[in-house]
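Reviewing the structure listed below.
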Amino acid sequence: MTHETCEVRLVASTSNWIEGAAVQQLEKTATLPGMRLAVGLPDLHPGKGSPIGAAFFAEGCLYPALVGNDIGCGIGLWQTGLSARNRKLETWANRLRGLDRPWDGGSAQFLATRGIAPGPQDHALGTIGGGNHFAELQQIENVAHPAACEELGLQPGALYLCVHSGSRGLGEAILREHVDRHGFGGLPEGSAEAAAYLARHDQARHWASANREVIAVRILECLRTEGTRLLDLSHNWVERVDLAGTSGWLHRKGAAPSTQGPVVIPGSRGAFTYLVRPLPPSAKSGYSLAHGAGRKWSRSDSRGRLEKRFTARDLTRTELGSQVICEDKELLYEEAPQAYKNINVVIQDLVDAELAEVLAILRPVITYKVRR
DNA sequence: ATGTCC
């Protein structure tokens, strides 16, 4: 890899619309000291300063602000004991209650079993949170690669649970405390500041994964069934990697790893979710894949455009026949399927770039966002 | 994204 320069790559075809501001953010972030590779994935869209849907590899230092506040945010997939063949939409939707209240299952004990020390944010363990976070019941629409799906334990007739959530107040507190003390700059590799941040970052990653587990436990309990976790991957984190012969820090901001087996890439809440398998990970992609469809409209634009055309009630049913439980009207508009890009285009770009192959497609049945 | 800015 060339030293002192940063390669900027955008994995997107001409049929994939990418907002200009997002590309500008990608190029701007690429000028940070130490930056060697900046990869925009097909779901690239503007973030706060730096873009979302991107991977950044830096030599000699790491940037906590690039990981952002939701350290460890990611997606888990569970197979439930329920059959999707006799869908009980109303019954299941009715049973999804109490999920926004604190979990009474013993957070400290649960975290201890996962090797995580207790902390002041543990009351939020098992809650989904806001923004683009969700828990979704899904069924298999199509199996593209039977052998790989069988290997994963996928059963065509089963109901699945996809959980997208993160470290809630914990990651937020870690980033805020860090920025208050050290600002937005890079932390030199090997420094005490870097070690301190990384320790807390790792704790938040584990906490976020445990959070997704507890969310699944609570939902499975609501549905009076049990489940098995098939996979769980984060798309907001930083790790030390060797990339094209150079040691450095790979930041993923809304970018799934292509180094940890199959990846779930959800579309919008009214679109299919793809289960893909990374092709042999390539350094040129920053060992990363897209993490979703990517926003097409900002949250405020989304409200402005859709409030004129749809009632809140309209948005609780999707084109795919799924039901959306979201008792926060603003959030319903902000997270409407229309606000997101076409997931098919994003996936096609990954396939065309030879970064991934499709294993299966999942159809949304019920999406849970928030219920008062 | 965030016990979310009022």
Side-chain angles (χ1 to χ4, degrees), chain A residues 21-22 25 29 43-54 56 63-76 98-104 107 118-136 163-180 184 197 200-201 203-212 214-215 233-238 251-256 266 268-269 290-303 326-336 339-340 367-372:
Chain A
Q25 288 184 340
T29 306
D43 57 336
L44 188 79
H45 60 281
K48 204 180 156 186
S50 38
I52 299 157
F56 299 98
Y63 293 88
L66 262 186
V67 174
N69 62 321
D70 199 0
I71 304 161
C73 181
I75 289 176
L99 297 165
D100 294 282
R101 289 197 295 268
W103 186 46
D104 60 7
S107 293
Q121 316 288 344
D122 293 351
H123 60 87
L125 191 77
T127 58
I128 294 165
N132 59 359
H133 290 171
F134 65 84
E136 189 167 273
V163 177
H164 175 204
S165 188
S167 53
R168 309 286 282 108
L170 177 59
E172 164 79 11
I174 291 170
L175 180 65
R176 194 184 56 245
E177 285 166 25
H178 171 79
V179 168
D180 285 350
F184 290 91
Y197 170 75
R200 298 214 69 197
H201 160 280
Q203 180 193 19
R205 277 199 75 195
H206 293 130
W207 196 101
S209 182
N211 187 36
R212 292 186 287 274
V214 174
I215 290 165
L233 294 174
S234 175
H235 47 233
N236 286 354
W237 53 299
V238 59
H251 307 72
R252 290 187 179 89
K253 178 62 175 178
S268 72
R269 294 345 323 126
H291 83 311
R295 288 198 81 88
K296 182 172 69 185
W297 297 339
S298 73
R299 293 181 174 278
S300 57
D301 283 352
S302 187
R303 287 197 305 271
C326 181
E327 295 185 353
D328 177 330
K329 202 176 158 189
E330 297 275 284
L331 189 60
L332 198 52
Y333 284 102
E334 291 171 2
E335 289 293 315
Y340 283 85
T367 303
Y368 185 98
K369 297 283 289 181
V370 62
R371 186 170 242 170
R372 306 291 180 203

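Bear in mind the structure is a predicted one, so any value in this text is a computation, not a measurement.
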A:His291 and A:His164 aromatic ring geometry - parallel, tilted or perpendicular at 30°/60° bounds
perpendicular
What's A:Gly171 touching, base or sugar-phosphate or nothing? Going by heavy atoms closer than 4.0 Å.
nothing
Could you tell me how far apart A:Arg176 (CZ) and B:dG3 (P) are, to the nearest whole angstrom?
10 Å
Just how far, in rounded Å, is P of B:dG3 from NE2 of A:His133?
11 Å
With sugar-phosphate meaning primed atoms plus P, OP1 and OP2, does A:Gly68 contact a base, only sugar-phosphate, or nothing at under 4.0 Å between heavy atoms?
nothing
A:Asn69 has an atom CG; how far is it from atom P of B:dT4, in whole Å?
14 Å
Would you mind telling me which of A:His133, A:His235, A:Arg168 makes a side chain to side chain donor-acceptor pair (under 3.5 Å) with A:Asp70?
A:His133
Could you check whether A:Tyr340 and A:Asp43, counting side-chain N and O atoms only, form a donor-acceptor pair closer than 3.5 Å?
no
What's the CD-P distance between A:Glu330 and B:dC5, to the nearest Å?
14 Å
Mind calculating the distance between CD (A:Glu335) and P (B:dT4) to the nearest angstrom?
18 Å
Report the distance from atom CD1 of A:Ile128 to atom C1' of B:dT4, rounded to the nearest whole Å.
17 Å
How many whole angstroms separate atom NZ of A:Lys369 from atom C1' of B:dT4?
14 Å
Polar contact flag, side-chain donor to acceptor under 3.5 angstrom, A:Ser50-A:Gln25
no
Nearest whole angstrom, please: distance from the C1' of B:dT4 to the CD of A:Gln121.
14 Å
Is A:Gly130 touching bases, backbone alone, or none of the nucleic acid, heavy atoms closer than 4.0 Å?
sugar-phosphate
